[in-house]
Amino acid sequence: MLKELFRKLDLNEYLDKFNSFLAREKPLFLSGDSKVNHEKITEISKLDIKAPTSVANLDDALARLSKQAVLHISEIYEFSKIISYFVYLKSLKFDQVMQNYLEKIILPDQIQEIVNYFDKDGEFKQSVDERLVAINDAYKHKKDEIASELKRLIYSKSITPYLVDTQIHFINDNEAILVRGGFNHVLKGSVISRSSGGYFYVVPSSILKLKSEQTDLLDKKEEIIYEYSKKISQIFTKNLMFLKFINQAFDHVDALIARVLMAKFGDLNFVLADSNKDIILNEFAHPALKNPKRVSVEFRAKVLLITGVNAGGKSMLLKSILSAALLAKYLLPMSINSSKSKIGTFKEFDTIIEDPQNVKNDISTFAGRMLHFSKLFGKKSILIGVDEIELGTDFEEAASLYSVIINKLLNNDIKMVITTHHKRLAMLLAKNSDVELVAALYDEANSRPKYEFLAGIIGKSYAFETAARYGITPNLVALAKEAYGEDKENLNEAISKAINLEMELKLKLNETNAKEEKLNSLLESLKDQKEKADLELRATLNKLEVEYYKAISEAKRGIKLHDTKDKQRSVNRANEILNAIPKPEFMSQIPDFKVGDKVKYEKIKGEIISLNKNEATLLSDGMRLRVPIKLLKRSGNQPVIQEKKVNIKVSKPAQASVVLDLHGLRAEEAITRLDKFISDSLVMGFDEVLVKHGIGTGKLAYAVKEFLKSHPSVKSFSDGTPSEGGFGSKVVKL
């Protein structure tokens, strides 16, 4: 039933993608509290977590363990993979919810030890038992014996005339040689196959004996592994309740991690379904669409009736709403602005989308839909999607019938999304406060659907415009309009004008709301700034009062002293305290502002549009503010001042050479000449020059080398050829 619902909502690919992230297939339902699961997902998302490897279904193994059965070693390995993954999870540092969940899972020591019995490929380790090591060595020895015996036979003189080639052939896991007929005179063995050329693949008797001994060794190995399987199964039986728990816990963790991995892979978000029935989608994209037109819609009432143009996206909107609600129910990731979206919780989902008519059920489209609707009256807390509700019968009769049915269903705890390209049903339901209307919009200028929606109005079908767009001749469209009737066409025009007017009003309302929000924000900011200034002023006054009190107290103390020197010291001390008091700083000079300057007042930025003696008028995000000039500061984003162009003329040197000889010069003098030489060479356009510095003590060579390394115009340099001076010269590329 759930898979069928995903198919009808075009979510098959999405479901297949999600299943590919699971270690093993399981139901979509997540056990536990949804809020707690959402917190776990959030915490898992913070880590770069390793996905679990695929694990087999172990329900049958657990059932057999309850009956004291012995598990196969491969089944034991599947359990070990689960235990190993929980050991890995417990080693990670999660936040509180996930950490607490994992801390409550105690892995028995005996169970943890079993994980060490297997290598990374799931093979039982030979090192677990010395007998296995001995058997493994013996098996390899037999293998070497087989290879040696085959080589001996191949190169023996008696069999050479019968050999087709000297290769060892592997036929049905047996080593064989290819021989001609008559080989039985010189070789005893068994024919296991024939070649296309009529030759015989023969396994020599000596090899058969060695192969039999190998088989015996493998049987002994299997017996030892069975011993361990029996021993481990007994441990598992004693810990059966734990294994059942950890098996379920693995499915729970696997489901959470799969959701996180899919969200990261597709840059998707989660929406936690809440307890109400509202569906508010912001920038939702249906997973099936490659280049989706994102949907934003508010659906608070019980019925959402989508009308308007054919091929305008009505079905897409319906499937988007149901898909988003379905994904939220199972806490699956989706492409949506999760911070601005809200989705309610629904126990059940249903769709009436496809045509139920077919040869097998012998039922008409309309009859099939009536049958489906009849089953809805006893249901509650359900979200229903109905596409093209009047399909299969006369739309005017259907509108009357469905208006009655919908009004009846409204008494139940249901929510319905309905699409129609007829207006009659919308008109019948428009006055009901439990019904919301949404119209699919049409771009009349470009004669194409917009795939956008406008709430609160009835949409026009634009059938004539669509027909003309797709090749129906104008004269046929005109005849159709005439047959349709002037009154009905006038009604369509009225609806079209109403839509356009509604859109204009909505845009203006949005602009007004944005300005109101900005004004409220500015007022709140100004209020905060005033409160902050008042607090700072009170704090400054309190501090000044305390400091002045100290100075006055010291002066009073000095007056009471008898000794003149002590009085003088006390007065000096009072003066020191007084002079040390930090005085409030006032702006000594107000910046010379002019109209057009970018300024800021605390957090408010704007542009000066007028000035008077003490105040400036700012324009900030469309709002005008009057602010005292002394409180303004430059914002740093001032109008760009056109810079004067400066022409620099560089004259070419009178003499230029591609070779510079620095022999006999001190390092400082040599570097000065080298610097000018490179500058002259760049002006002349030379891209390669030669600098001769000699070998000598090495000081000059070192100075030249370090200068060339740091020069920004030197691309590279290297020692010259012997004819150019070898190590005593540098070829410099500019």
>> Parallel, tilted or perpendicular, judged at 30° and 60°: which one describes the rings of Phe270 and His38?
In response: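 Answer is perpendicular, since the angle exceeds 60°.
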Kindly say whether [Y] contributes a backbone atom to a donor-acceptor pair with the side chain of [X] at under 3.5 angstrom?
X      : Y      : result
Ser341 : Ser338 : no
Arg180 : Leu163 : yes
Asp129 : Arg131 : yes

Determine whether the side chains of [X] and [Y] contain a donor N or O and an acceptor N or O closer than 3.5 Å.
X      : Y      : result
Asn612 : Ser610 : no
Arg294 : Ser335 : yes
His286 : Ser323 : yes
His663 : Lys692 : no
Lys40  : His252 : yes

Salt bridge between [X] and [Y], side-chain N to carboxylate O under 4.0 Å?
X      : Y     : result
Lys81  : Glu78 : yes
Asp251 : Arg24 : yes
Lys46  : Asp95 : yes

>> Show the nearest heavy-atom pair for residues Tyr77 and Asp121, with the distance to one decimal.
In response: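 Minimum heavy-atom contact is OH-C, 4.2 Å.
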>> Using side chain to side chain donor-acceptor pair (under 3.5 Å), reason through Glu669 and Thr672 one step at a time and then give a plain yes or no.
In response: CA-CA 5 Å; Glu669 185 182 358; Thr672 302; over 6 Å; no
> His711 and Phe717: ring-ring contact (aromatic ring centres under 6.0 Å, His included), yes or no, with the steps?
Replying inline: CA-CA 11 Å; His711 200 289; Phe717 63 90; over 10 Å; no
